[in-house]
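The sequence lines fix the lettering, A, B, ..., with proteins before strands; numbering per chain opens at 1. Basis for what follows: all heavy atoms, side chains included, without hydrogens, waters or symmetry-related copies.
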Amino acid sequence: MRAILKPKDFNLKYSFESGQPLGFYADFLDNILSYNVHSHIVRVKQDADSGALKLESDSIQFAKAEVSSRFRLGDNMERIYNEISTDRFMEQSIQKYNGLRVTLNDPWETLVVFIISQNNNIKRIRNSTLRLIERFGKVTQFGKEFPSLDDFLDANESDFKAAGLGFRSRYMLHAIEYCTDNLDLRMLKNKDSSDIKDELLQIKGVGDKIADCVALMGYGKLDAFPIDVWIKRILEKVYFKGTTISIERLHDFAADKWGKYAGYAQQYLYWNARNNFSML
DNA sequence: ACCCAGGCGGGCG
DNA sequence: CGCCCGCATGGG
């Protein structure tokens with residue numbers, strides 16, 4: 001079955017490729033995104049001219065809701081752009097990657113991929129994620145999908161080593177144990193980003209940056225501002241004349257400058273820095 | 001061969 | 001506290 005969505009200010013390619021959870025395991029071939037979730041298959045193609053989204057799924061009702069949620073199609077980008085366009089560099093970043101969305105993903109899924117992401121590169125994060133899905137993924141009629149917490153309950157360290165997680169393997173084991181015995185991730189949904197971070201920081205292997213990523217991309221807290229090496233580099237270069245600034249000060253800077261939409265600002269900074277840093 | 005990657009924990013001063 | 005080091009692995 002098929003359906004059409006016509007979102008404004010949306011770019012599927014940028015949103016998929018910009019280092020967010022779905023990009024670490026979904027397929028994007030011939031400009032067609034496809035992935036399995038909740039026992040359904042979703043395919044999305046964006047028309048190059050009109051920007052309209054053509055959806056295919058076994059359940060078109062599900063697919064519409066899933067894609068709208070995942071890519072935050074309800075966000076008023078005009079308003080968000082207006083709020084975060086506080087300087088020339090951000091305006092250029094928005095112009096260059098217009099339609100890039102922060103995505104909204106399952107909290108557990110987000111936690112897992114960003115634990116894998118530490119001291120790692122995009123290619124290896126994806127390879128490891130795909131191997132975890134192969135090993136632990138939920139089997140459906142359309143293929144395997146990202147494993148839930150329960151799917152990992154009998155996992156051991158050698159499974160994660162085999163998936164290439166290396167020293168992160170014991171972090172995964174601790175996350176599984178902690179989220180099973182001490183912390184129900186579903187209970188964090190209605191908390192604010194600061195409280196969510198405080199809870200996640202109890203997990204060994206989760207620090208300030210990963211906690212911000214989960215708050216932003218796993219819980220949709222748009223004020224969360226993950227600061228990785230790229231964000232630090234670009235902020236220091238563009239806004240501080242190349243001088244070294246502490247993470248704490250950079251957080252204050254971002255909160256002051258971009259406020260409740262700092263997470264969106266972060267995604268544009270990140271993707272611009274990743275693609276053009278040497279030229280900026 | 002060698003370097004480095006969307007960081008973090010632990011130990012030391 | 002802040003700083004610094006090691007960490008598993010494999011892609012470029």
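- Phosphate contact (OP1/OP2 of B/dG6, side-chain N/O of A/K232, threshold under 4.0 Å): absent.
- Counting only heavy atoms from C-beta on, A/K123 has its side chain closest to C/dG12 among C/dG12, C/dC7, B/dG6.
- If you take CG of A/N119 and P of B/dC3, they are 15 Å apart, rounded to a whole angstrom.
- Within 4.0 Å of A/I210, counting heavy atoms only, lie sugar-phosphate atoms of the nucleic acid but no base atom.
- Distance A/E17 CD to B/dG6 C1': 16 Å, rounded to the nearest Å.
- Positionally, the nearest nucleotide of DNA chain B for A/F114 lies more toward the 5' end than for the other of A/G205 and A/F114.
- Side-chain polar atoms of A/T86 and A/W258 form a donor-acceptor pair below 3.5 angstrom.
- Among the atoms of the strands shown, base atoms are found under 4.0 Å from some heavy atom of A/K209.
- Mapping A/Q118 and A/N127 onto DNA chain C via the closest heavy atom, the residue that lands nearer the 5' end is A/Q118.
- Side-chain contact, A/S246 with A/E248: no donor N or O sits under 3.5 Å from an acceptor N or O.
- The side chain of A/R131 approaches C/dG10 more closely than any other nucleotide in the set C/dG10, B/dG6, B/dG9.
- Across every strand in view, C/dG11 sits in a pair with B/dC3 that passes the Watson-Crick or G-U test at under 3.5 angstrom.
- Among the atoms of the strands shown, none is found under 4.0 Å from any heavy atom of A/R170.
- Spacing between atom CZ of A/R124 and atom C1' of B/dC4 amounts to 11 Å, rounded to whole angstrom units.
- Atoms CG (A/L200) and C1' (B/dC8) sit 15 Å apart, rounded to a whole Å.
- Among the protein residues, A/I247 comes within range of no part of the nucleic acid, since none of its heavy atoms lies under 4.0 Å from any strand.
- With both ends at atom P, the span from C/dG12 to B/dG6 equals 12 Å, rounded to whole Å.
- No side-chain donor-acceptor contact under 3.5 Å links A/Y97 and A/Y270.
- The main-chain N or O of A/W108 is found under 3.5 Å from a side-chain atom of A/D106 such that the two form a donor-acceptor pair.
- Annotation: C/dG6 and B/dC3 have their C1' atoms spaced 16 Å apart (nearest Å).
- Under the 3.5 Å distance criterion, the side-chain polar atoms of A/R168 are matched with a main-chain donor or acceptor of A/N119.
- In this structure, CD1 of A/I227 is placed 11 Å from P of B/dC8, rounded to the nearest angstrom.
- Residue A/I203 contributes atom CD1, which lies 18 Å from atom P of B/dG7 at whole-angstrom precision.
- Atom CG of A/D228 and atom P of B/dG6 are 8 Å apart (whole Å).
- Inspection of the A/N120 and A/S117 side chains reveals no N or O donor paired with an N or O acceptor under 3.5 Å.
- A sub-4.0 Å separation between OP1 or OP2 of C/dG6 and a side-chain N or O of A/R168 is absent.
- Comparing B/dC4 with C/dC5, their P atoms sit 15 Å apart, to the nearest whole Å.
- For A/Q266 against B/dG6, a side-chain-to-base donor-acceptor contact under 3.5 Å is present.
- With both ends at atom P, the span from C/dA8 to B/dG11 equals 15 Å, rounded to whole Å.
- To the nearest angstrom, P of B/dG9 lies 10 Å from NE2 of A/H174.
- Here A/Q267 lies in heavy-atom contact (under 4.0 Å) with a base.
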